Visitor: 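Here it is, the structure, as structure tokens.
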There are 2 protein chains.
Amino acid sequence: MTTWNATASKLLDSAETLIRTKGYNAFSFRDLQREVGVKTSTIHYYFATKPDLAAAVFERFFQEHRLGLDQLTMAVPRAYDRLEKVVHFFGHNAGLGRFCLGGMLSSDRESLDEATRGALVRFFAHFESWVSTTIAYGKSNGEFKDSLDPDQAARTFVALLEGGMLIHRVKGDSHYFSDLILPFIDQMALIPSKI
Amino acid sequence: MTTWNATASKLLDSAETLIRTKGYNAFSFRDLQREVGVKTSTIHYYFATKPDLAAAVFERFFQEHRLGLDQLTMAVPRAYDRLEKVVHFFGHNAGLGRFCLGGMLSSDRESLDEATRGALVRFFAHFESWVSTTIAYGKSNGEFKDSLDPDQAARTFVALLEGGMLIHRVKGDSHYFSDLILPFIDQMALIPSKI
DNA sequence: AGATATCTATCTATTGATAGATAGATAAAG
DNA sequence: CTTTATCTATCTATCAATAGATAGATATCT
């Protein structure tokens, strides 16, 4: 687990926000210099190249994403509630104009290095796998319909999240995202709960 | 309906492909010069600025998209088959590494002018509206379940297309996209046909 | 002649990146 | 303990390449 000092962390923070709001190719080292208050040469001291910076940003994001999902699994007993929390988390970021980093870098994948492209593949595989496990658990739990194919439903859920965030930002309609995803979860449920 | 001469058309073609493969901020006027074989000054002769070029590319795309959907409505009698054809069309482009132009420019929307951002909103609204109408027709037709909410299903379908294309490109798995979307259509159908 | 289309040549600003200096912390040697 | 050496983190200054854009000459067609 790579660990960064204060400056590098701030650089990663700003870079992540810039990527998630404007995109990888739409921000410069000078933008970072302005935001963080260190010279561009200092950025290169920590991250040799721009693709290296993106790689580090994504590595940290991926790790936090894994950690967040693990904690969710431990802290929240019901599968339905776990998925709902994921939706709210994504929806919160979408509301701030912050697209999923995985989705954003997918758009810019041609500008990234091979290692980061590989990490992107693993990101989606891991996310889908977590959702699939959660849905399977929900089935065994009596929360979700027995007819559900967890893998299929998980792929759909993740793709819906990514596409939904994209369109949410374009529409600027603060209800679009949750109105899109929550009914989808509800449709999987045996007893259409809440909403 | 704006009409372009041969050079401008080639410029629009190349720009569209570049945007859909690499992204708006990842290509330059020099790339276009190389591909089309005219000087960058000639590009500026037709399109004053880069955002103007993007606007023209998207306007043409949007128009062809509308036309394509209209023709589909006229040529294909069954709603199910219309949606399936849309999926194959998107899937074909995804297979070529060509993301949906609407989705791609959504990622880069911060770099576009206000008019193009507005056109993006209208693009998704129109697409969703067409899908919704198609689903409503399919319901009246006895193809789709009566319980379906056409608007809700249409939003889901479009978001699934966009998210699916994004992830498809990352995975490089030629089956991912259609394996994702076709079951979704099938699930709407009264009589789970084909596949 | 005028309109249309393309080129040459060039501009300014910005890009990611590098070289080398410097101050301060840390460690090793005497 | 002090001195010497090395390492860490940052800076200044600058590079070559490229970005989008412009002015004005030139050719072609009506």
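Quick note on labels: first sequence line is chain A, next is B, and so on, each numbered from 1. No experiment lies behind these values; they were computed from the predicted model shown. Computed over heavy atoms, backbone and side chain alike; hydrogens, waters and symmetry mates excluded.
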Visitor: Measure CG/A:Asp31 against C1'/C:dT15 and give the value in whole Å, please.
Guide: 11 Å
Visitor: Strictly by side chain to side chain donor-acceptor pair (under 3.5 Å), give each pair with a member in residues 87-96 of chain A just once, sequence neighbours left out.
Guide: A:Asn93-A:Arg98
Visitor: Just by protein heavy atoms under 4.0 Å, how would nucleotides 9-15 of chain D read 5' to 3' in B, S and -?
Guide: BBBB-B-
Visitor: Hey, can you pull the donor-acceptor pairs under 3.5 Å for the side chains in residues 176-183 of chain B, sequence neighbours left out?
Guide:
none

Visitor: By ring pair (Phe, Tyr, Trp, His ring centres under 6.0 Å), which residues pair with B:Phe47, not counting sequence neighbours?
Guide: B:Trp4
Visitor: State which residues pass side-chain contact (heavy atoms from CB on, under 4.5 Å) with B:Gln33; sequence neighbours excluded, sorted by chain then number.
Guide: B:Lys39, B:Thr40
Visitor: What is the distance, to the nearest angstrom, from the CG atom on B:Leu18 to the P atom on D:dA19?
Guide: 12 Å
Visitor: Between N or O atoms, less than 3.5 Å apart, protein on one side and nucleotides 26-30 of chain D on the other: list the pairs.
Guide:
none

Visitor: Which side chain to side chain donor-acceptor pair (under 3.5 Å) pairs, counting each pair once, include a residue from residues 110-120 of chain A, with sequence neighbours left out?
Guide: A:Asn25-A:Ser111, A:Asp113-A:Thr116, A:Glu114-A:Arg117
Visitor: The criterion is ring pair (Phe, Tyr, Trp, His ring centres under 6.0 Å); which residues satisfy it with B:Phe29, sequence neighbours excluded?
Guide: B:His44
Visitor: Just how far, in rounded Å, is P of D:dA19 from NZ of B:Lys50?
Guide: 8 Å
Visitor: Counting only non-hydrogen atoms, which of residues 104-116 of chain A are less than 4.0 Å from DNA chain C?
Guide: none
Visitor: For A:Phe123 together with A:Phe61, are the ring centres under 6.0 Å from each other?
Guide: yes
Visitor: Give A:Phe27 one of three labels, base, sugar-phosphate or nothing, depending on what nucleic acid heavy atoms sit under 4.0 Å from its own.
Guide: sugar-phosphate
Visitor: What integer distance in Å separates A:Leu53:CG from C:dA17:C1'?
Guide: 14 Å
Visitor: For A:Asn25 and D:dT18, what is the distance between atoms CG and P respectively, to the nearest whole Å?
Guide: 15 Å
Visitor: What I want to find out is whether A:Lys171 reaches B:Glu128 closely enough, with some N-O distance under 4.0 Å, to be called a salt bridge.
Guide: yes
Visitor: Rounded to the nearest Å, what distance is computed from the CD atom of residue B:Gln33 to the P atom of nucleotide D:dA19?
Guide: 10 Å
Visitor: Using ring pair (Phe, Tyr, Trp, His ring centres under 6.0 Å) as the criterion, list what pairs up with B:Phe184, not counting sequence neighbours.
Guide: none
Visitor: Sequence neighbours left out, what passes side-chain hydrogen bond (donor to acceptor under 3.5 Å, both in side chains) with B:Asn5? Give chain and number order.
Guide: B:Tyr46
Visitor: My understanding is that only residues two or more places apart in sequence, or in another chain, count here; which of them pass ring pair (Phe, Tyr, Trp, His ring centres under 6.0 Å) with A:Phe124?
Guide: none
Visitor: In whole angstrom, what separates A:Arg34's CZ from C:dT15's C1'?
Guide: 12 Å
Visitor: Is B:Ser28 near enough to D:dT18 that one of its side-chain N or O atoms lies under 4.0 angstrom from OP1 or OP2?
Guide: no
